[in-house]
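Single-structure report; data block below.
Here, residue 1 is the first one in the sequence, and each next residue gets the next number. Just so you know, these numbers use all the heavy atoms, side chains as well, and skip hydrogens, waters and symmetry mates.
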Amino acid sequence: MPKGAEREENKVMARQTAAYVYGSAAHNLEAGPLPRREEEIRRRKRVQPKPQPKKKVDKVAVLLTCLTFLTVMVVGISYIHLQFQSTYLSKNVVNLQSEVVNMEKENAAAMLELDHSLSLTQIYEKATKELGMKQAREDQICTYISRKSTQVRQHGTIPEE
């Protein structure tokens, strides 16, 4: 082919593949076969995932996680144990309080029965008639006022008349 014909053919091809922009908007290019060079450039520009290095396990983080988990478990178990113990002790307190109430009722009933069974007149009659006791005279009664305590100590025998 003569050189002029080649140039003419190149111009025609350039007109067919090249698009010119008139104004402010670009015209859509018709999809057509791309030259090999442009195709290679596009292939290279495509994002290819880079091989990621293997992630190493951080031993300190694993150890801290295990220790934290263990601590939480120990605290949780201790809390549950203390709750159980508290419930058990409160039930025991309730049982003991009910026993105390029952004993107080029994004591009150026994005291009332004792009060009704004994009277001061019966005691006076038994002391004077059966045991031969006599009423104390005024000169036999000695009163003592203690300034230090309410207890009185006897350091000798009481004289008899």
By side chain to side chain contact (heavy atoms under 4.5 Å, CB included) - contacts of [X] (at least two apart):
X	value
V93	Q97
V62	V57, C66
Q85	H81, L82, L89
A109	none

Checking T121 now: which residues fulfil side-chain hydrogen bond (donor to acceptor under 3.5 Å, both in side chains) with it, not counting sequence neighbours? S119

Residues at least two apart in sequence or cross-chain that pass side-chain hydrogen bond (donor to acceptor under 3.5 Å, both in side chains) with Y79, listed by chain then number, are Q83

Once rounded to the nearest 0.5 Å, what's the spacing between atom CE of M111 and atom CG of N107?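 The CG atom of N107 is 9.0 Å from CE of M111, to the nearest 0.5 Å.
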
For [X], what are the other residues in its hydrophobic cluster, where any two members join if their side-chain heavy atoms are less than 4.5 angstrom apart?
X	value
L112	none
L67	L63
I80	none
L131	M133

If you compare all heavy atoms of S90 against all heavy atoms of T87, which two are closest, and at what distance to 0.1 Å?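 Heavy atoms of S90 and T87 come nearest at OG-O, 2.8 Å.
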
